[in-house]
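Have a look at the structure below before the remarks.
Residue numbers begin at 1 in each chain, while the letters A, B, ... track the order of the sequences.
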There are 2 protein chains.
Amino acid sequence: MFASSLNVRPLFEETGPIREQCSLGALFDRSPRERVTAGQIVFFEGDRALHVFAIREGNLRICRQLHDGRRVIAGFLTKGDIVGVSFKNRYLYSAEALDDVAFQRQTKVAFEKQLLARPDLRSALLSQLCDEVAAAQDQMVLLSCKSAEERLCSFLLARLRKSTAQGCEPNVVDLPMTRLDIADYLGLTIETVSRTVTKLAGQGILSAGRRHEILVLKKSALVQRAGEDEADVDNGREDTLRYSHH
Amino acid sequence: MFASSLNVRPLFEETGPIREQCSLGALFDRSPRERVTAGQIVFFEGDRALHVFAIREGNLRICRQLHDGRRVIAGFLTKGDIVGVSFKNRYLYSAEALDDVAFQRQTKVAFEKQLLARPDLRSALLSQLCDEVAAAQDQMVLLSCKSAEERLCSFLLARLRKSTAQGCEPNVVDLPMTRLDIADYLGLTIETVSRTVTKLAGQGILSAGRRHEILVLKKSALVQRAGEDEADVDNGREDTLRYSHH
DNA sequence: CGAGCCATTGACGACTCTCAAGAATAGTGG
DNA sequence: CCACTATTCTTGAGAGTCGTCAATGGCTCG
C-alpha cells in the first residue's frame with residue numbers, strides 16, 4: 001500500500017553531491033538494458049515494489065490516480081534518474097513512458113545489499129531522498145497558492161534549468177510531455193495551460209514553436225511571473241533560539 | 001538554501017516499523033527538555049540546519065513562505081515526531097508552536113554520529129523519509145484535484161485517525177491549529193474553510209463544538225466526501241490504466 | 001468590562017473549469 | 001506521395017467554485 005520512490009536529479013543541477021549520484025547509477029551497469037515505447041508502463045501504482053530502475057534514455061511521467069479517474073502527475077523522469085527506491089511494499093505511483101525509454105533494473109534486495117556494502121552510497125541515497133522531499137514541497141507551494149500563470153512560468157523555468165544544465169541550447173525548453181500531462185502536473189486543465197501559453201506568447205515572453213518545444217524570449221519576465229524566490233540567494237537570516245553547544 | 005526535514009509519524013499509525021521509530025526517539029533521551037509557547041518559533045526557514053528536534057509535547061506547524069507573504073503549511077507535528085533531519089545546509093521550512101511545546105534537541109553531527117553507530121536506525125530513518133515523501137505526495141493529490149469539501153473531509157479524517165490512534169475518544173477531532181492554519185494547509189481561504197464546516201454541520205455530518213474540537217457524527221459520509229481510497233485496505237487494485245478526466 | 005483576536009456570514013467578482021467546436025499535427029493506408 | 005483519420009491543441013462562450021472585501025458575532029485575556 002505504501003511505497004516511496006527516489007528521483008535522482010540530473011547530475012549537474014545541484015551544487016551538492018555529484019559524485020555520489022554517479023555512483024548510484026553505476027550500481028546498474030551490469031543489468032541488461034530494457035526498452036519501452038511511448039505509453040507503455042514500467043510499473044503500476046500499487047504493484048509490489050520489487051525492483052529499482054535507472055533511466056538511461058527517454059522520459060517518463062510519474063502518476064497517481066484517484067478512484068474516480070482524476071490523475072495527478074507527481075513528476076517527470078529522464079536520463080540519469082533513479083526510481084522505485086522504497087522501504088515499503090508497493091509503489092506509490094505508476095511510471096509511464098512519454099517516448100522511447102531505455103532503462104536498467106535491479107531487484108530491490110540486490111540494490112539494498114549493494115547499498116549496505118557501501119556506506120557512501122547510503123549517504124547519497126539519503127541526500128537524494130531529501131531532495132525528493134524538497135521537490136515535493138516546492139510542488140505543494142505551487143499547487144497551494146499559485147495562479148495558473150505562476151504555475152506555468154515556474155514549470156517552464158524548472159524545465160529550462162534542466163535543459164541548459166544538460167547542455168542544450170539555452171532558451172529552448174524541451175517538453176516531451178503532452179499538454180494534458182502538464183495540466184495534470186500543475187493542477188490545471190489542458191485548456192488553461194493552452195490559453196496561458198498563448199497569452200505569454202502574445203506578450204512576447206516566449207514563442208511556441210513546435211509542439212514539444214518552447215522558446216523562451218524573456219527569461220526575466222518569466223522569473224518575475226513565477227512568483228518564486230527564484231533568486232535562490234542566501235539571505236543570511238539569523239538563527240533563532242540559538243544556544244551554545246560545544 | 002536547501003534543507004530537508006523528517007517528520008516521524010505517530011507510533012501506531014502505520015503497520016510499519018514501530019520499533020525503529022521508538023529507537024529514533026530514544027536518541028534524544030539525554031538532551032534537556034526545552035519549552036516554547038504558542039506562536040514562538042523553533043527554527044526558521046532558511047536557517048542553518050544545525051539541530052534535529054524530537055517533539056515531546058504540544059503541537060507545531062511546519063510552514064513555508066513566498067516572498068509576497070503567501071504562506072503554505074506543509075504539515076503539523078505533535079508528540080513523538082522528529083523534525084529537522086536534513087542532509088542539506090538549511091531548513092526548508094519554519095517550525096512554529098501552536099501551543100505549549102516541549103522538545104529535545106541534538107546537534108545534527110551528534111545525531112548522524114549515533115546513526116552511523118547503529119545501522120538499524122539508518123533503516124528507520126530511510127523508512128521515515130519514505131513516509132514523508134508519501135505524505136507529501138498525498139498532499140499533492142489533495143491540492144491538485146480536490147474540491148474544498150473533499151479537502152476538508154480528507155483533513156478531518158486524517159486528524160481523526162491520528163486522534164483515535166492515540167487513544168482519544170473516537171469521533172472527536174482535536175484541532176490545535178486555527179482556521180487560518182487549516183486554510184493554509186489545504187490551499188483554501190479561512191472563509192471557505194469556515195463555510196465548508198458550517199455546511200457539513202448543517203448536513204448533520206459533524207458538529208462544531210468548541211473552537212478547537214469537532215465532533216464527527218457520520219464518519220462514512222466524511223469518507224465518501226473525501227474522495228480518497230480511504231479504504232486503506234489492500235483492495236486488490238486493478239493493474240490497468242484508467243482514462244483520466246478532470 | 002473593553003480590547004483584540006478569531007470565526008462566521010453575506011454579497012460580489014474573478015479565475016479557472018466545463019462544454020463545444022474548430023485548427024493543426026501526426027500517423028495510416030492506398 | 002497524397003488523402004484520410006485520429007489525436008492533440010487551440011479558441012470561444014458560459015457557468016461554478018472559491019477568493020476578496022466587509023460587517024458582525026463570539027472568545028479570551030488583560
Side-chain angles (χ1 to χ4, degrees), chain A residues 37-39 61 66 68-73 98-100 142-153 155 173 175-202 206-214 225 227, chain B residues 37-39 61 66 68-73 96 98-100 142-153 155 173 175-202 206-214 225 227 241 243-246:
Chain A
T37 58
R61 62 173 171 246
L66 264 65
D68 62 357
R70 284 176 291 185
R71 187 182 72 156
V72 180
I73 293 190
L98 293 173
D99 43 27
D100 289 352
L142 181 142
L143 294 170
S144 242
C145 58
K146 286 193 180 179
S147 69
E149 189 177 280
E150 288 173 319
R151 293 180 198 201
L152 192 73
C153 291
F155 173 69
V173 182
L175 298 175
M177 68 294 289
T178 68
R179 295 284 191 270
L180 181 59
D181 291 330
I182 299 176
D184 286 347
Y185 181 62
L186 298 178
L188 301 169
T189 59
I190 184 175
E191 294 95 335
T192 301
V193 171
S194 191
R195 269 188 262 270
T196 309
V197 169
T198 305
K199 193 174 81 182
L200 292 174
L206 50 80
S207 154
R210 265 165 305 215
R211 189 170 278 185
H212 290 295
E213 236 177 65
I214 280 186
R225 280 151 206 259
Chain B
T37 59
R61 62 173 172 246
L66 262 66
D68 62 359
R70 284 177 289 185
R71 187 182 72 156
V72 180
I73 293 190
E96 313 179 6
L98 294 173
D99 43 28
D100 289 353
L142 181 143
L143 294 170
S144 242
C145 57
K146 287 192 179 180
S147 69
E149 190 178 276
E150 289 174 318
R151 293 180 198 201
L152 191 74
C153 291
F155 173 68
V173 183
L175 299 174
M177 68 293 289
T178 69
R179 294 286 191 269
L180 181 60
D181 291 330
I182 299 176
D184 285 347
Y185 181 62
L186 298 178
L188 301 170
T189 59
I190 183 175
E191 293 95 336
T192 301
V193 170
S194 192
R195 270 188 262 270
T196 308
V197 169
T198 306
K199 194 174 80 182
L200 292 173
L206 51 79
S207 154
R210 265 165 303 210
R211 185 172 284 183
H212 290 294
E213 237 177 64
I214 279 186
R225 280 151 205 261
L241 241 203
Y243 23 82
S244 77
H245 193 64
H246 240 87

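- Taking atom CG on B/Leu175 and atom P on C/dC6, their separation rounds to 16 Å, with Å as the unit.
- Judged purely by atom type and a 3.5 angstrom limit, A/Thr198 uses its side chain to pair as donor or acceptor with the backbone of A/Ser194.
- The nucleotide whose nearest atom lies closest to any side-chain atom of A/Ser147 is, among C/dT16, C/dA7, D/dT10, C/dT16.
- Atom CG of A/Leu180 and atom C1' of D/dC9 are 11 Å apart (whole Å).
- The side chain to side chain donor-acceptor pair (under 3.5 Å) search around B/Arg70 returns A/Glu150, B/Asp68, not counting sequence neighbours.
- With rounding to whole Å, B/Leu200 atom CG is found 16 Å from C/dT9 atom C1'.
- Atom pair A/Ile182:CD1 and C/dT16:P shows a separation of 16 Å (rounding to whole Å applied).
- The CG atom of A/Leu186 sits 16 Å away from the C1' atom of C/dC15 (whole-angstrom rounding).
- Residues A/Ile214 and A/Ser207 fail the side-chain proximity criterion, which asks for heavy atoms closer than 4.5 Å.
- Residue-level contact check: A/Ser194 touches the bases, meaning some heavy atom is under 4.0 Å from a base atom.
- Nearest heavy-atom pair, B/Val197 versus B/Ala208, reported as atom, atom and distance to 0.1 Å: CG1-CB, 4.1 Å.
- Remark: side-chain polar atoms of A/Arg179 are not paired, donor with acceptor, to backbone N or O of A/Val193 under 3.5 angstrom.
- At whole-Å resolution of the value, NZ in A/Lys199 and C1' in C/dT16 are 11 Å apart.
- In this structure a side-chain-to-backbone donor-acceptor pair under 3.5 Å is present from A/Arg151 to A/Leu186.
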Given protein heavy atoms under 4.0 Å, the one-letter contact record of nucleotides 19-30 of chain D, with B base, S sugar-phosphate only and - none, is simply SBBB---BS---

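- The distance between atom CG of B/Leu143 and atom P of C/dT16, rounded to the nearest whole Å, is 16 Å.
- The phosphate of D/dT11 (OP1 or OP2) has a side-chain N or O of A/Thr198 nearer than 4.0 angstrom.
- The interatomic distance linking A/Glu213 (CD) with D/dC9 (P) rounds to 15 Å, in whole Å.
- For A/Glu149, the side chain to side chain contact (heavy atoms under 4.5 Å, CB included) test picks out A/Ser147, A/Cys153, A/Thr196, A/Lys199, A/Leu200, A/Arg225, with sequence neighbours left out.
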